[in-house]
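Report on the following structure.
Side chains are part of it too, since the values below use all heavy atoms of this structure and drop only hydrogens, waters and symmetry mates.
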Amino acid sequence: MDLEVKGIGTTSRHGTRQKSAQGWRIYSSAAYGPRPDDVPMLDLGRLGEFDGESDLLYTPIVSEKPCLISPDSTSTVNRGTPFPASLSAHPSHRQPSLVEELIVPENLPAPSERYRMKYQQYEEEMKTNYKQYVQQMAEKSKANPTHQQTPPAGLQTQGPRADEMTPKDLTSLDEKVNLQQCYTSKPYSEQQHMRKLAAEDRAVEKQKQAVVEQVLADHLSRVKTSSTLTENLLLNKLRFDARIISKNGRDACRQLIGFFFAFDKSLTVYEYRQFGKNRTNALPLIQRGIYCHHYGRRKGRQYGIGDFYTGANLTFLTTEHVGLPASVQANQLLTLRITGVDELAKHALLTSGNPSLSKQELDDRNILRSTQAMLKERLKNRGVRTLTGLGKLLRQRDSSGNGALVKGELQQALKEFHLELPNEDFESIWLILDQDRKGKVDYHQFIQAFVGEMNEFRKAFVRKAYMKLDPNKTGSISVNDISKFYNPKKHPKVLSGESTEQQIQSAFLDMLQQGSASSKEVTYCEFESYYEGLSLGIANDEDFTNILRNCWGV
């Protein structure tokens, strides 16, 4: 075949010899004959412009030659743009459409029984999964009414009133609380966390050792020459940590360390004080002596080794201790809550194990636990709003200021927050709390028995956060100080860009001020009530403490 070549110069005889040596077969144009008219002319100069491209497609020649020149800047056609339909490829090269590809040919063989069974099994699994998905979505919509469809704008109302609101209704305040519940990311790496814990443990152990030395010095210095009290007897002791149960922030944040001496069953409680960074002191709050219970089923019974465990209460008459602070002496009873016990020392001192609880004590514990379990489930999504609002209402109704209310006032308050109980259950709880038959109970103690309270591990972090905000122990903190210390930088919605730091901080302050009597200050009781309600919706202790670490850096 004779091909016409344009734009390429003739090769030398040396080049022809080189190609023959590489395996090229050289034929003369006479071996092929003249070029037919329907064969396009080979333009090697034109192909040189596309050297290196591997995606060129051959387009058969047509009667109307398309424009093959490079497009200018004003043209909308570029390389890779298909030609119009009239200039497209020959019909034999047309790509099948999507509809044509989906058409099943009629001459296909019937599927085998094996594949038919597989298809039926797949179809049944899909139907079952879809039914399960629909059921799960229906359950979620019932549990979270906020995900239900809202009515049209013309049919929307202002929402239910406070006295008509059902326990399942969630308000904007509850949504603001949910922002705090998701602030559970770990603020430190594992290595930083371990170093921080080690430093805190060293500081606490240093405090306790200072108190132990002070106790030994106080009691050995008072020993007479003829006394049989020696240092060995004093070392045979049980050490425990405690706090004062009080609505006063100054008293609630006092750091107490107590000792129970096994040889005579006496006890003493010291308060650890720190003045500045280097000066510390330990002063006796409860003088060493033999004491007994003044409240509960064990009233009148002497304290024993089995009465000391985390969560137990120790009661003392304030009239028997002259050196107590004035705020503590205002109450008839001083109640201490044990927050930690030296378990190794307790195990060494125990001879016959913990004394068993009486039948009345077991019945009381079961009644309270069953009621608390039921109410915690109901308050899971509205705990902060309910507990802060309930505490605010009870404080307003306490006209005398002694913290005690009668049965009717408490029942009415519970009804307003949709926490009604059957009369039998309410009477059982009332009899447990009003064992002296005075007709009044402390409403703070009533809420704790009725709803429950967070464990001492969580409360320790709440007190740390409050003490950071109130270093002078005034008992209240200003909203401005709270806004300065609150840190929302690590909040997941801030990191994702969904919310700003100001929005997260405003949501927290709005919810905290909602349960406060003053718009400018927050007391310890109000601060604790907020986190009591937040704790109801968080099952994991680590998640709860991470919230406090992220917010306050404790």
Side-chain angles (χ1 to χ4, degrees), residues 238 240-246 256 258 260 262 265-267 269 286 289-318 320 331-343 345-347 349-377 403-405 407 410 414 419 421-459 532:
L238 171 65
F240 59 91
D241 302 326
R243 63 180 178 88
I244 299 176
I245 296 181
S246 174
L256 307 181
F260 176 79
K265 295 185 179 181
S266 62
L267 66 90
V269 179
I286 302 295
I290 299 175
Y291 300 98
C292 59
H293 295 270
H294 292 281
Y295 181 81
R297 300 292 185 186
R298 299 189 179 187
K299 185 177 180 180
R301 191 184 306 177
Q302 183 179 336
Y303 286 114
I305 187 65
D307 294 318
F308 296 88
Y309 55 90
T310 302
N313 290 341
L314 306 177
T315 54
F316 303 91
L317 292 175
T318 56
E320 297 178 356
N331 301 317
Q332 182 180 1
L333 279 181
L334 168 63
T335 304
L336 304 183
R337 170 67 56 83
I338 297 179
T339 60
V341 174
D342 187 354
E343 295 293 343
K346 181 179 179 180
H347 182 73
L349 294 176
L350 283 173
T351 56
S352 59
N354 287 325
S356 59
L357 298 176
S358 64
K359 184 179 183 303
Q360 287 183 331
E361 290 175 324
L362 290 175
D363 292 341
D364 294 346
R365 180 176 296 185
N366 293 333
I367 290 173
L368 294 178
R369 285 182 176 179
S370 61
T371 304
Q372 293 169 5
M374 179 183 64
L375 290 177
K376 283 181 180 180
E377 188 63 27
L405 294 175
K407 184 189 302 184
L410 292 173
L414 294 177
L419 296 176
L421 278 181
N423 290 331
E424 295 180 358
D425 295 341
F426 183 86
E427 289 294 335
S428 299
I429 297 177
W430 182 265
L431 292 176
I432 294 174
L433 299 177
D434 187 23
Q435 295 181 8
D436 296 334
R437 303 297 186 267
K438 294 181 179 180
K440 288 186 177 183
V441 297
D442 184 273
Y443 58 82
H444 184 71
Q445 185 181 7
F446 177 82
I447 294 177
Q448 291 180 346
F450 193 73
V451 182
E453 55 182 327
M454 53 184 165
N455 57 41
E456 293 302 320
F457 178 75
R458 299 188 181 194
K459 284 203 174 187
E532 284 282 3

Kindly indicate whether the side chain of [X], heavy atoms from C-beta on, has any atom under 4.5 Å from the side chain of [Y].
X: Y295; Y: L333; result: yes
X: K299; Y: Q435; result: no
X: L414; Y: F450; result: yes
X: L314; Y: V269; result: no
X: K265; Y: Y303; result: no
X: L431; Y: R437; result: yes
X: L267; Y: F308; result: yes
X: I338; Y: Y309; result: no

Write down the atom of [X], the atom of [Y], and the distance for their closest heavy-atom approach.
X: V341; Y: F240; value: CG2-CB, 4.2 Å
X: G439; Y: D434; value: N-OD2, 3.0 Å
X: F446; Y: I429; value: CE1-CG2, 4.4 Å
X: L334; Y: I244; value: CD1-CG2, 3.8 Å

**Report entry** Sidechain N-carboxylate O distance under 4.0 Å for K359, D363
**Finding:** yes
Query raised in the report: Do D307 and R298 meet the salt-bridge criterion of a basic N to acidic O distance under 4.0 Å?
Result: yes
**Report entry** is_close_aromatic(F316, H294), centroid dist under 6.0 Å
**Finding:**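 No; H294 has its ring centre 6.0 Å or more from that of F316.
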**Report entry** Polar side-chain atom of S266 near backbone of I290 as donor-acceptor pair, under 3.5 Å
**Finding:** no
To the closest 0.5 Å, what do you measure between [atom1] ([X]) and [atom2] ([Y])?
X: R297; Y: I432; atom1: CZ; atom2: CD1; value: 6.5 Å
X: T310; Y: F457; atom1: OG1; atom2: CZ; value: 12.5 Å
X: L405; Y: Y443; atom1: CG; atom2: OH; value: 7.0 Å
X: C292; Y: R301; atom1: SG; atom2: CZ; value: 11.0 Å
X: L433; Y: L368; atom1: CG; atom2: CG; value: 7.0 Å
X: H293; Y: T315; atom1: NE2; atom2: OG1; value: 7.0 Å

Query raised in the report: When you look at V451 and E532, which way does the side chain to side chain contact (heavy atoms under 4.5 Å, CB included) test go after all the steps?
Result: CA-CA 10 Å; V451 182; E532 284 282 3; over 6 Å; no
Report task. Could you list all the salt bridge (Lys or Arg N to Asp or Glu O under 4.0 Å) pairs where at least one residue sits in residues 334-343, not counting sequence neighbours? Result ->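 Of all non-adjacent pairs touching residues 334-343, those that pass salt bridge (Lys or Arg N to Asp or Glu O under 4.0 Å) are R337-E453, R337-E456.
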Query raised in the report: Would you say N423 has more than 12 foreign heavy atoms packed within less than 6.0 Å of its CG?
Result: no
